[in-house]
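Presented below is the structure to which this report refers.
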Amino acid sequence: LDYCCGRFCLPQWASTHLPSLDQPISEYQCRVAFCTVSAILLAAYLFVANIIYARYVRNWWKQQVVLCDCSASPWRGKQFLVILNPNAGGGRAESIYQEFVRPMLKSAGVDVRVVRTTKPGDATALCAALRSRKFYVAESSKQRVDVVLCVSGDGMLHEALNGLADGGAAALAPPCPALAICPAGSGNGVANSLLGRFAASNPFEAMFEILGGNIPSPMGANLSAPALPIDILAARALPLDAAVPPKYDLHYFCWGVFAEHDHLTEGPLRSLGPALKHALAPLIVLRRLTSFAGHADIEVVAPPPGLPYESAASLAPSPDDASLRRLHGPFWCFAVGNLRDGGNDSLPCPFVRRDEGAADLLVVKRDGLTRLRAARLLSLLDSGKHVHEPDVLVFKVRRVRLYPAAGTHVQLSGQEWSGGLAGGIEVSVKAQACRVVQPATAAAEHRATGAVSAAKKVTTAAEWRAETAEVRAALLRAVTARR
């Protein structure tokens, strides 16, 4: 301490504010002071280094936009409607569009019309007008829109899907426009599943994969179609009323801890910014460790062999419907996943396939769950290893009827459910009802991973990770050869 004060010319300040310097200082106090100062300096260094690195990477990718040539894009001459949420991702969406999306669409030679939303529901109304042919990219030509590109997070894609499906799930069939997403939100779970984690964190790579055409698949699959079919979830309030249309979603139906987390990040903590709100929300839900009362009736289908799915034989038949199985609470986690990634750093349903006509139900019961076990489960979400924990139940389902307790949150892709909880909610899977623009790399990985798991029985998590690593290595070689 004497050296530091003398080195920085602070003897007078030290004598005034640190009168205990004259007293003997123990070795423990010296170590605490050293560790504290070191931690502060390290945090400051990492913070500054992260800012500098982010700016360097962004400038490098902007240079790649100038050098990129998308003139051979299969979408050349097509009609794109770009829906932009300027507030997405803490205000990053506008700069992402100006720096990456706009010049790359121009390079690809597509006709573009941009609409900026101002409030929730704008994307739904716009896509409903588009579906009824009251809105065009070019009013003079009256050509159909081929792709609706959302520059935002998962919420806008949810709104756009429900606008296009204004006449029911059958309305999403061609010639209905395909959906695409350029990740600009704070979670980007749909983009992570459709584009891959690397492209979901990089708008240049995401747009290059969407516009740049297709590559040969290392597994020999034909991936010539840029817009591929995908299952969707349809949620309706119980009892069913034909006059009330369902809410559709591509991503997750959540009740329990995930819905509580999303409510915090999109509500009370939203003003804190993407980084801080996603750091605080898990701590809050762990501190609460809420018990969610209720029960569910599920229609279980046969899962792929060798994967850690629960059998329907482990559940009793539902007294209300013999074709369903009864699942009793209380619950801590209850989520129906149509895609693998829940966000940038979570993989709640690692084995679900986007076009299999079924979804994965992830369940964690509250009885006997401690905060330490809950923290471990959350820490394993990033890799998907949580499905091998004894607290976790995973079912392959086609239909779920949930009867939650009043006063709880239910969400679809972070959007609060507005259909009421009094009679319950039914969630069903509509097989391959919608088309989304998927790059060849992500589609090849998705199909190849399914082929590997179907061809060889995977008995352990280590074997599954090894097979996935082989697929990723083959894809990396194919991408490198293309470039």
Side-chain angles (χ1 to χ4, degrees), residues 83 85 87-89 93 117 119-124 126-127 148-166 169 172 179-195 200 230-237 245-267 269-270 274 277-278 281 333-349 352 354 359-362 381 400 402 408-419 425-430 433-434 436-438:
I83 307 178
N85 179 10
N87 298 321
T117 61
K119 61 182 183 299
D122 282 358
T124 300
L126 177 63
C127 289
V148 175
L149 174 61
C150 298
V151 184
S152 183
D154 301 333
M156 177 173 288
L157 196 68
H158 170 81
E159 290 189 10
L161 174 66
N162 282 276
L164 292 176
D166 192 35
L172 295 171
L179 288 169
I181 183 168
C182 178
S186 56
N188 301 322
V190 175
N192 273 276
S193 297
L194 299 181
L195 308 177
I230 187 174
D231 300 338
I232 62 174
L233 302 177
R236 305 179 67 178
K247 290 289 185 181
Y248 297 101
D249 193 65
L250 290 170
H251 197 205
Y252 275 83
F253 170 87
C254 297
W255 175 60
V257 63
F258 290 163
E260 186 180 23
H261 177 278
D262 290 347
H263 170 73
L264 289 172
T265 56
E266 298 301 324
L269 303 181
R270 186 180 181 88
K277 71 180 184 180
H278 284 291
C333 174
F334 191 99
V336 181
N338 189 49
L339 298 175
R340 296 184 300 180
D341 292 79
N344 289 327
D345 54 357
S346 64
L347 197 65
C349 298
V352 70
R354 61 176 69 97
D360 280 10
L361 172 62
L362 179 68
L381 274 177
V400 174
L402 174 64
T408 55
H409 297 283
V410 176
Q411 297 201 344
L412 292 163
S413 289
Q415 308 298 305
E416 195 76 18
W417 169 257
S418 58
I425 306 170
E426 181 182 88
V427 181
S428 58
V429 179
K430 304 296 182 182
C434 181
V436 294
V437 178
Q438 304 175 42

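Residues take their numbers from the sequence shown, with the count starting at 1. The structure displayed is predicted, hence computed values, not measured ones.
Here A234 pairs with P246, Y248, S428, K430 under the side chain to side chain contact (heavy atoms under 4.5 Å, CB included) rule; sequence neighbours left out. With sequence neighbours excluded, the residues forming a side chain to side chain contact (heavy atoms under 4.5 Å, CB included) with D249 are H158, H251, L412, S413, listed by chain and number. With sequence neighbours left out, D341 forms a salt bridge (Lys or Arg N to Asp or Glu O under 4.0 Å) with R197. Applying the side chain to side chain contact (heavy atoms under 4.5 Å, CB included) criterion to H263, with sequence neighbours excluded, gives P268, H409, Q411, E416. Residues satisfying the side chain to side chain contact (heavy atoms under 4.5 Å, CB included) test with V410, not counting sequence neighbours, are F253, W255, W417, L421, I425. Looking at residues two or more places apart in sequence or on another chain, you find a side-chain hydrogen bond (donor to acceptor under 3.5 Å, both in side chains) between N192 and N344. Taking D122 as the reference, K119 meet the salt bridge (Lys or Arg N to Asp or Glu O under 4.0 Å) condition, with sequence neighbours excluded.
The two residues V427 and A235 make their nearest non-hydrogen contact at CG2-CB, 4.2 Å. Across F258 and C333, no two heavy atoms sit closer than the pair CE1-SG, 3.8 Å. The shortest non-hydrogen separation linking S418 to K247 is OG-CE, 4.5 Å. Across S193 and L339, no two heavy atoms sit closer than the pair OG-CB, 3.4 Å. Considering every non-hydrogen atom in both G153 and I181, the closest pair reads O-CD1, 3.7 Å. When every heavy atom of T117 is checked against every heavy atom of N85, the shortest pair comes out as OG1-CA, 3.6 Å.
With rounding to the nearest 0.5 Å, the separation of CD in E266 from NZ in K277 is 4.5 Å. Between the SG atom of C434 and the CG atom of L164 there is a distance of 7.5 Å, given to the nearest 0.5 Å. Put simply, CG on L157 and CG on L194 are 8.0 Å apart, with the number rounded to the nearest 0.5 Å.
For residues 250-264, every residue pair satisfying the salt bridge (charged side-chain N to carboxylate O under 4.0 Å, His left out) rule, not counting sequence neighbours, is listed here: E260-R288.
Contact of the V151 side chain with the I83 side chain is not registered, since no non-hydrogen atoms from C-beta on lie closer than 4.5 Å. L172 is not listed as a side-chain neighbour of L179, based on a closest heavy-atom distance of 4.5 Å or more.
Under a 3.5 Å cut-off, the side chain of D154 and the backbone N or O of V190 do form a donor-acceptor pair. Under a 3.5 Å cut-off, the side chain of D360 and the backbone N or O of G337 do not form any donor-acceptor pair. Put simply, the side chain of T124 gets close to the backbone of E159: a donor and an acceptor are under 3.5 Å apart.
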Side chain to side chain contact (heavy atoms under 4.5 Å, CB included), that's the test. Do L195 and N188 meet it? Break it down for me. CA-CA 10 Å; L195 308 177; N188 301 322; over 6 Å; no
